[in-house]
Amino acid sequence: MEKKSRIDGKRTFNRWDILFISVAFSIIALFLITPSPSGLSREGWLMVGILVMAIILWITISIPIAATGLLIMVMQPLLGVVPAEDVFHSFGNQAVFFLIGVFILASAIEKHGLHRRIALKFLSMFEKNPRMFTLGIMTSSACLSFIMPEHGVAALLLPIVASILIAMKVIPKQSNFGKVSMLGIAYGCSIGSLGTPIGGARNPLTIGILANMGIKVSFFDWMKYSMPVVLIAIPLVWLILQFSFPIEVKDISGAKREIEEQVKKMGKMGRNEITVSAILALTILLWIFFSSPEYFGLAVIALLGGALLFFTGSISWEDVEKRVPWGIILLYGGAITLGVGMKNTGAGSWIASILLDITGNNEYLVILILIILAIYITEMMSNTAAVALLIPVGLGMATQIPGISPLFASMAIALSGGLAFMLVIATPGNAITYSSGYFSTKDLLKSGVIANIICVAVIFTVAILYWRGVLGI
Amino acid sequence: MFENILLPISSEFYPRNALRRGGFLAEIFGSRITVLYIIEEKVLDNADRVSDVFRSYYEREETKSDIRRDYLSAADEVIFENAKQFFEEKKISFHEKTDRGEFSDVIQNELNKEKYDLILTGYERGCFLHYRIIDESHVPVWVESDSGNNTILAVCSNLASNQKVPKMSVELARSLGWKLHMLYVVDTQDSVEVDEKGERSDRKSEEDLVATGEEFLKEMGKKGIEASLTKGGLEKETINAAKSIGAGLIVVGRKQKKTTVLGLPVRSTKKKLVDKCEYSILFIN
């Protein structure tokens, strides 16, 4: 299907877009004229309509993802579901400012090429053989996604790895080494983005929704829940890639030479790089030790880091304008107001009870289904959108099943929602690395299906044994 | 026959077997080969669309420019280098070009600029290329699959005027020194006849269609060409026949098969063939 055409950078609608937009609004009309089912308020019913509309628009991307976020915020007061004041109240969460701070920090890292230096340093530690090198690619993608948004990491690593592959005369789409290297970036970024609240916008979204319920999650708390998943998933997914595409390259000297050349080109660390590194390190330390509710919270530290960058002259407002994607704030706004609206109108609990009628009250089965739903829904739409849709349902389930707490359900959904491994459109990381031309859609599907199944098992096991057994959440 | 061959290679798919086939044809026909590397903008636009909310316009443009640069390096260091080694070894005249845009559009533009006798390409299922060029080009399109023996299967049917295919297949078989087998398919799913102008007739009975086919076979027999007749769906029968003889090349002409069923568009015969068939196909429009 021909999805989009762009003329001079402007987006134009094709007939499919118009069809999907019409269907989305017809759904709203349908919900307006039909009575609400028993057990659900009129507001709840209309909220389900808004949810269905959002699902259609987020999957088809007939209008930009952020514009759907806007629409969600607008539709709630227009349909009389939630007063305008309440809609914007839920938007004014500190997670929004945390996101802004994170993007300002990422701007400085990108501007001075600090991420490039870190990536090259990492890669040079894995030059023993081609297999280890691909593990190095995955590990550096994951580690960089702890300190900056995953999509930026994918965009950074793509040219670095591509230049190495070109220097090694690796043939696009035919070499398994090329496939594993590029898929390693995509999967490494996705897995790494679970590690800290910085990696993906769905993480602060989850923290924001939980904060609205009075459940505070600090930076360190997040890492405590997510890191075991990251540490187990990285080697397992790397092994899946090795089995799916046995590497044919024997000699890694070409990669070594290229990395050495790139390191040489970068030269020594400049003053700005050192300043940005110091501010970044300080910010991370503050996040780890002082982001809990009794101290400063996530946003204050993120904005402090951002302010320090301005004071030290490491970044200008022009850089921020260039590199901060303001659309994500609208997506976040739409997502969080959708989540809060679903919860407050009872729509989330209503959908949850329908699901529980199917699954029964077996808590293990419910957890498994939440994880599977999150992983497979995120394949079809933006991770943030998928998490926004599912968390209210998960919270609804948590209120109905004694063994599942809201924090437990939200974390299971948030982490699973980041693991989009199968489709090109699932996440920007996949789309960016796919555009390198080194792997096909079939390759992505082949390894992605297995990697997703394994990751369902990893999250489920960590959730049951560690979150519940050790941390008691 | 093929003096000037265009060998388009998309950044989406690098068909090395098409390079080999190009070398083989150029040696026989003394052709000049143009390797056209196409940066597939559709793929970049897709990445842009998926990430527009997560990355700023500036960052996305930066990434696009990085990727374009990598594509060009890959073309220079890997693809053109391979082509150079391959063609220079055989002393084949070739030159390289790069362009960016949508695969079929770029080829069409190139055809408007220069005269080519053949487009030689590979085929990748499930990628972003739609291969519209197969349906739209007036220059023969050879889709290389690298399988089969030295036999040409020329496909004629009630859905084509059957003028170009027999002529070109005979000429090709003679030049390549390959065996030729002519297949006449009576397409029972679309029971019309197509005249010399490409106009479709009213529906005809199966007996009438078979009679026309048998007449065609007689004509081929007179020319000493081995031919057979079969009934059924055009794509399915073609693939079955290609399998049974292990065809190295299937020659297919312009088919005037119905383009809609119950008012809904149906996929073109050529696209279906190229998608399902594991043998090389030469489309003559």
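Letters go in sequence order (proteins before strands), and every chain restarts at 1. The analysis underlying the following values was restricted to heavy atoms, covering all of them including side chains, and did not include hydrogens, waters or symmetry mates.
- Take A:Lys169 and apply the salt bridge (charged side-chain N to carboxylate O under 4.0 Å, His left out) test, not counting sequence neighbours, and it matches B:Glu77.
- Heavy-atom distances place the side chain of B:Thr63, and not its backbone, under 4.5 Å from chain A.
- Of the two parts of A:Pro159, the backbone and the side chain both hold a non-hydrogen atom closer than 4.5 Å to a non-hydrogen atom of chain B.
- Between B:Tyr131 and B:Tyr123, the ring-plane angle classifies as tilted under the 30° and 60° cut-offs.
- Ring pair B:Tyr37/B:Phe80 is perpendicular by interplanar angle, where above 60° counts as perpendicular and below 30° as parallel.
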Inset, instruction - Mind running side chain to side chain contact (heavy atoms under 4.5 Å, CB included) on B:Thr98 and B:Leu36 for me, showing each step along the way? - result: CA-CA 6 Å; B:Thr98 52; B:Leu36 173 64; over 6 Å; no

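- Heavy atoms of A:Lys322 lying under 4.5 Å from chain B belong to its backbone as well as its side chain.
- With chain B as the partner, the residue from A:Arg323, A:Lys173, A:Lys442 showing the most heavy-atom pairs under 4.5 Å is A:Arg323.
- Only the side chain of B:Arg69 comes within contact range of chain A, with at least one heavy atom under 4.5 Å from a heavy atom of that chain.
- A:Ala95 and A:Pro204 make their closest contact through CB-O, 3.3 Å (heavy atoms, listed as atom of the first residue, atom of the second, distance).
- There is no contact between B:Asp76 and chain A, counting heavy-atom distances below 4.5 Å.
- In this structure, CG on A:Leu183 lies 10.0 Å from CG on A:Asn176, to the nearest 0.5 angstrom.
- Contacts of B:Glu62 with chain A are made by side-chain atoms alone, with heavy-atom separations under 4.5 Å and no backbone atom involved.
- Near-neighbour residues of residues 107-114 of chain A relative to chain B, defined by a heavy atom under 4.5 Å from a heavy atom of that chain, comprise A:Glu110.
- Comparing A:Leu330, A:Ile329, A:Ile432 by how many heavy-atom pairs each has under 4.5 Å with chain B, the most go to A:Ile432.
- Between chain B and the options A:Ser440, A:Ser435, A:Ala431, A:Pro149, heavy-atom pairs under 4.5 Å are most frequent for A:Ser435.
- Note that OG of B:Ser10 and CD1 of B:Ile107 are 8.5 Å apart. Values are rounded to the nearest 0.5 Å.
- Residue contact with chain B, scored on non-hydrogen atoms closer than 4.5 Å, involves the backbone of A:Thr427 exclusively.
- Here the CD1 atom belonging to A:Ile198 is positioned 7.5 Å from the CG atom belonging to A:Leu105, to the nearest 0.5 angstrom.
- Classified by interplanar angle (parallel below 30°, tilted 30° to 60°, perpendicular above 60°), the ring pair A:Tyr434/A:Phe439 is perpendicular.
- With chain B as partner, the option from A:Thr433, A:Ile171, A:Leu158 having the largest number of non-hydrogen pairs under 4.5 angstrom is A:Ile171.
- A distance of 11.5 Å separates CG in B:Asp48 from CD in B:Glu59, rounded to the nearest 0.5 Å.
- Looking at B:Glu124, only its side chain comes within 4.5 Å of chain A, counting heavy atoms on both sides.
- Side-chain atoms of B:Asp146 do not come within 3.5 Å of backbone N or O of B:Arg21 as any donor-acceptor pair.
- Atoms CG and CZ, from A:Leu165 and A:Phe177 in turn, are 6.0 Å apart once rounded to the nearest 0.5 Å.
- Ranked by heavy-atom pairs under 4.5 Å with chain A, the first of B:Leu44, B:Ile67, B:Asp70 is B:Asp70.
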